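Below is one structure, written out as structure tokens; the observations come after it.
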Amino acid sequence: MHLLSSRRMRAVVAGAAALALVLTGCSSEETFSYTPPAQVDQKLPDDTAAQLQAAVENAMQKTGATGAIVGVWVPWSGTWVTGMGTQSFEDETPVTKDMSFRIADSTRLMTCEVLYALADEGVVELDGSVPEYVSGVAQLADVTLLDLCNGTSGIGSSEAAVRGMWQNTPERVWAPLELASYGLGKGLKEPGAAYSDSDAAYLLLGLALERASGMTASELIAKYVTGPLQLEHTSLPSSAAAAPGGAPLTGHYLPAIEGGYDCTAPVDITKLSSSTGFTDSGAVSTIEDLGRFSQAAAAQALREGKEPNQFANPLPTASDAPSWYQATGGAFLVGPLIGQHGWTPGYASASYSDPETGFTVSVVLNSSSIGGSPAAYLAWELAAIASKALAAEGQTAPEFGLPFTAEQYHDTISNLAVCATPPAG
């Protein structure tokens with residue numbers, strides 16, 4: 001098993017922490033205060049901003065997105081936070097940086113934050129067997145809660161089987177175990193042996209945390225993530241179909257046609273049940289909130305100084321993946337950056353941060369037809385551009401490098417074959 005600590009050690013640590021809280025008369029909620037890394041209060045240099053804008057425009061054009069929201073925070077140089085494009089071809093309302101959206105797989109990282117918080121409190125065991133917390137999955141006796149978080153459960157993914165149903169009936173409310181069953185039905189690989197991308201695993205993890213705590217997943221994320229970090233525009237909404245907030249970025253998918261997708265006829269899927277993603281990809285946020293969360297999560301700020309280290313033992317994302325591209329703890333590790341990327345109907349997003357410096361890039365595109373990879377490629381391209389930004393007056397740029405270039409991912413995005421000419425008639 002891919003475990004990080006023993007049950008006995010966690011019990012001792014949890015007991016000591018609980019005793020300390022009793023003696024001081026304080027709760028973890030009362031004492032926690034998050035201070036983000038010091039950030040130069042100015043915009044990034046004009047030439048850097050121009051390169052960032054060109055990169056986003058290229059990604060929008062290549063993916064069929066009409067709008068994007070981007071946040072780039074370079075603590076020693078400046079920031080670039082903006083909305084680009086329009087809500088749709090028909091609705092030419094400009095996209096603004098304050099619009100909300102579904103954050104897709106960054107929800108996984110929030111779910112793992114809750115797992116570690118409950119483990120720190122002694123509510124769950126990281127190496128507890130899944131059937132101890134979730135009924136109806138006896139075949140997962142050798143799979144632990146930590147396996148679910150780390151992506152090492154060996155469970156298959158559900159999304160390919162249900163994607164069409166999500167798009168055709170976005171208002172449908174899914175039970176998490178029903179949705180996970182599509183991934184479970186694909187068989188089980190050896191737990192702990194390798195990383196595999198499984199939405200079903202994070203759905204089961206959410207169920208386990210709910211049943212162990214007696215709280216809903218929405219309440220858990222509010223208590224252990226959005227509340228402590230003061231993320232006022234971030235939540236896991238109720239399952240009733242709704243837009244992702246009061247002022248949302250419109251989300252689309254493109255109809256499939258021969259040779260690709262019809263980029264001239266995007267389908268609005270802004271209104272959707274969050275149960276399609278639940279604790280895998282159901283949360284909503286804004287770009288400022290997402291950036292703040294990513295900074296804190298990468299730095300493990302919500303559990304500073306506690307063991308085990310959430311990102312200590314990453315595994316390759318695939319047998320042929322670059323050595324700098326790994327996964328664990330509900331996140332991808334991309335060189336020095338830690339974060340997530342993915343898709344949910346209507347949106348593709350990515351958010352990555354360097355835990356040492358606070359350097360952070362977050363992006364969302366309002367088109368989800370080819371998954372989350374384009375958002376990841378764009379985030380990495382933007383990161384490579386921004387990492388070269390000159391230090392502001394009085395600041396010193398740290399030693400900070402990435403194992404890829406902006407040109408590499410610009411070319412990858414440019415070579416995407418998404419849009420095809422609609423059929424005649």
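Keep in mind that this is a model prediction, so the values were computed, not measured.
A 6.0 Å sphere centred on CZ of Phe332 holds more than 12 heavy atoms belonging to other residues, nucleotides or ligands. The environment of Lys186 atom NZ is dense: over 12 non-hydrogen atoms of other residues, nucleotides or ligands sit within 6.0 angstrom. Enclosure of atom CD in Glu232 is not indicated, since only 12 or fewer non-hydrogen atoms of other residues, nucleotides or ligands lie within 6.0 angstrom. The environment of CD in Glu171 is crowded: more than 12 heavy-atom neighbours from other residues, nucleotides or ligands sit within 6.0 Å.
A side-chain donor-acceptor contact under 3.5 Å links Tyr352 and His341. Asp147 and Thr144 share a side-chain donor-acceptor pair at under 3.5 Å. No hydrogens or angles considered: a donor-acceptor pair under 3.5 Å links the side chains of Asn366 and Thr66. Counting only N and O atoms by type, the side chains of Ser275 and Ser273 include a donor and acceptor under 3.5 Å apart. A side-chain donor from one of Asp268 and Thr270 sits under 3.5 Å from a side-chain acceptor of the other.
Sorted by first then second residue, the side chain to side chain donor-acceptor pair (under 3.5 Å) pairs that include residues 36-53, not counting sequence neighbours, are Gln53-Glu57. Within the structure, side chain to side chain donor-acceptor pair (under 3.5 Å) contacts touching residues 379-402 (residues at least two apart or in different chains) are Glu381-His410.
Counting heavy atoms from C-beta outward, Trp76 and Pro398 have side chains that approach closer than 4.5 Å.
With sequence neighbours left out, the side-chain contact (heavy atoms from CB on, under 4.5 Å) criterion links Thr360 to Trp73, Ser294, Gln295, Ser353, Ser362.
If you look at Trp324 and Phe404, their ring centroids are closer than 6.0 Å.
Side chain of Tyr347 to main chain of Gly251: a donor-acceptor pair is present (N/O by atom type, distance under 3.5 Å, no hydrogens or angles).
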